[in-house]
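In what follows, a structure is listed as structure tokens, so that the remarks can point back to it.
Just so it is clear: chains get the letters A, B, ... in the order the sequence lines come, proteins before strands, and each one is counted from 1.
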Amino acid sequence: MPGSAASASEIVWTSWRSVPGMPAISAGTLAELLDGGQAFRWHRRPDGTWLGVWADCVARLSLGPEPMPQKNAGSRDAGDGIPRTLRWSAPRALSRRVERALPAYLACDADFGALADALPWRSDAHLARSLAAFPGLRILRQPFGETLLGFICSATKQIVQIKQMLALLAVRHGAEIAPGIHRLPTWAELALVSEDQLRGCLLGFRARHIHRAAAFLAARPGWLDETARLPYPTAKERLCALPGVGEKIADCALLFGAARLEAFPVDVWVLRALQNRYALDGWSPAQIARFGRAHFGPHAGLAQQFLFAFERRAKTQV
DNA sequence: CGTAAACCTGA
DNA sequence: CAGGTTTAC
């Protein structure tokens with residue numbers, strides 16, 4: 001959609017600085033991280049940088065030109081392969097906030113190398129191959145509420161279409177936080193939007209779900225934040241009480257919006273991946289989920305992200 | 001309790 | 001038909 005590009009150029013951006021605590025990452029892995037189904041508000045710009053919005057934050061991300069001095073010269077990955085330093089820039093007016101929020105958003109305090117190493121790749125050749133294809137892939141820590149919103153929109157939709165819906169929701173119902181750039185509406189704001197207006201954002205039958213979920217949440221202040229803090233099984237159970245939220249979407253919200261690495265969302269990609277690569281033909285999503293949790297262990301959600309990325313690339317490239 | 005159809009829109 | 005949930009057999 002046109003619209004934001006022209007006005008966005010009025011933004012005065014800070015100079016590029018490296019993201020503290022963030023390991024070097026290749027272009028291919030970065031694309032998978034920002035635009036591989038975890039988040040829906042990052043867009044690649046013509047100059048190759050990424051522009052993204054979360055909560056009240058706007059940032060650009062790009063990779064440094066110089067390859068990091070590296071020890072693992074052997075590893076290959078999806079894109080052009082070379083890990084580079086990640087750099088950020090933000091609208092001047094938001095730079096203080098983004099500087100604080102970005103490392104948390106990217107979960108820079110977590111050692112995903114160690115987490116991935118703890119997965120059973122030594123006895124699982126397909127997992128090993130998937131890890132090697134996207135070295136440095138991690139799980140974002142997005143704001144819980146908007147992660148939930150994004151995944152309620154995701155039902156039977158592809159990433160491009162989900163991004164389209166959220167862009168419309170933001171521009172029509174979310175506050176402008178930088179020239180031409182709008183945040184997503186909060187659930188409290190969504191509660192004031194009619195179902196027809198939501199339909200106008202191309203949500204289709206999801207409009208009803210979001211409308212009813214917003215009413216539910218508006219009547220229960222603090223419910224969402226409490227849910228994010230509950231133990232995983234309880235949190236998931238509570239989320240599934242929301243209209244439009246089943247197991248898969250609850251797991252996505254908890255994995256990508258509440259850092260619950262034990263959440264193991266089973267969508268058709270992961271379903272197909274496990275059925276085909278692990279000889280589990282005919283297994284139902286529920287059976288696959290049980291297998292995944294048992295086989296991959298306490299960080300099954302991280303394993304899921306690698307398998308998902310691998311499967312998606314296999315489809316578009318083979 | 002497992003499977004099927006409906007739900008909106010458009011790539 | 002599509003990265004899903006819900007409601008109805």
Side-chain angles (χ1 to χ4, degrees), chain A residues 1-2 31-43 130 134 137 139-140 142 146-169 172 193-217 236-257 263-277 280-292 300-318:
Chain A
M1 293 296 281
E32 192 60 32
L33 176 65
L34 300 178
D35 203 16
Q38 295 192 49
F40 305 107
R41 300 217 65 208
W42 288 94
H43 297 268
S130 302
F134 297 92
L137 183 58
I139 303 293
L140 296 173
Q142 304 176 74
E146 59 183 58
T147 309
L148 177 64
L149 174 63
F151 282 97
I152 294 182
C153 291
S154 75
T156 67
K157 285 296 177 192
Q158 303 191 347
I159 293 171
V160 225
Q161 301 170 293
I162 301 164
K163 288 168 79 168
Q164 171 66 34
M165 296 183 222
L166 293 176
L168 277 169
L169 276 174
R172 294 190 186 175
V193 178
S194 75
E195 187 179 327
D196 280 343
Q197 285 178 297
L198 294 175
R199 286 199 135 73
C201 297
L202 309 183
L203 296 184
F205 63 84
R206 301 156 199 82
R208 179 157 179 268
H209 294 155
I210 288 167
H211 187 69
R212 291 168 55 216
F216 179 99
L217 294 174
K236 179 170 173 180
E237 194 179 356
R238 275 178 64 152
L239 284 178
C240 288
L242 289 170
V245 180
E247 283 203 46
K248 190 270 182 185
I249 286 174
D251 272 336
C252 286
L254 289 168
L255 179 58
F256 306 126
F264 188 76
V266 176
D267 56 36
V268 305
W269 293 93
V270 169
L271 183 66
R272 287 199 289 251
L274 292 223
Q275 284 176 340
N276 298 334
R277 316 277 184 184
L280 306 176
D281 299 299
W283 287 42
S284 73
Q287 293 171 314
I288 292 288
R290 205 171 327 121
F291 172 88
L302 180 60
Q304 174 269 169
Q305 201 58 29
F306 282 98
L307 298 183
F308 177 88
F310 188 94
E311 212 61 28
R312 248 170 34 99
R313 184 155 70 84
K315 154 118 197 226
T316 53
Q317 285 192 356
V318 170

Answer for the Watson-Crick or wobble partner of B:dT9, both distances under 3.5 Å, is C:dA2
Over 60° means perpendicular and under 30° means parallel, so classify the ring planes of A:F291 and A:W283, tilted if in between. perpendicular
[X] near the nucleic acid: base, sugar-phosphate alone, or nothing, with a heavy-atom cut-off under 4.0 Å?
X      : value
A:V160 : nothing
A:G37  : base
A:L198 : nothing
A:I159 : base

Ring stacking, A:F205 with base of B:dC8, under 5.5 Å and under 30°? no
[N] [atom2] sits how many Å from [X] [atom1], rounded?
X      : N     : atom1 : atom2 : value
A:L148 : C:dT5 : CG    : P     : 12 Å
A:D251 : C:dG4 : CG    : P     : 12 Å
A:R212 : C:dT5 : CZ    : C1'   : 11 Å
A:M165 : C:dA2 : CE    : C1'   : 11 Å
A:R272 : C:dG3 : CZ    : P     : 7 Å
A:Q161 : C:dA2 : CD    : P     : 12 Å

Which nucleotide in the list C:dG3, B:dG10, C:dT5 gets nearest to the side chain of A:I249? C:dT5
Which nucleotide in the list B:dC8, C:dG3, C:dG4 gets nearest to the side chain of A:K157? B:dC8
Look at the side chain of A:K248 and the base of C:dT5, then say whether one donor and one acceptor between them are separated by less than 3.5 Å. no
Taking donor-acceptor contacts at under 3.5 Å, does the side chain of A:R206 reach the base of C:dG4? no
Looking at A:Q161, is its backbone amide N or carbonyl O close enough to the side chain of A:Q164 to form a donor-acceptor pair, meaning the two atoms are under 3.5 Å apart? no
Side chain A:N276, main chain A:R272, donor-acceptor under 3.5 Å: yes
Give me the one residue out of A:I210, A:L169, A:L166 that meets side chain to side chain contact (heavy atoms under 4.5 Å, CB included) with A:C201. A:L169
Where each residue is assigned the nucleotide of DNA chain C containing its nearest heavy atom, which of A:W269 and A:G244 is assigned the position nearer the 5′ end? A:W269
Of A:C240 and A:F308, the one whose closest DNA chain C nucleotide lies more 5': A:F308
Can you tell me how far P in B:dC8 sits from the matching atom in C:dA8, rounded to whole Å? 15 Å
Carboxylate-amine/guanidinium contact A:E247 A:K236, below 4.0 Å: yes
Do the side-chain N or O atoms of A:Q158 get closer than 4.0 angstrom to the phosphate oxygens (OP1, OP2) of C:dA2? no
Phosphate OP1/OP2 of B:dC8: any A:R199 side-chain N/O under 4.0 Å: yes
Kindly indicate whether the side chain of A:R172, heavy atoms from C-beta on, has any atom under 4.5 Å from the side chain of A:Q197. no
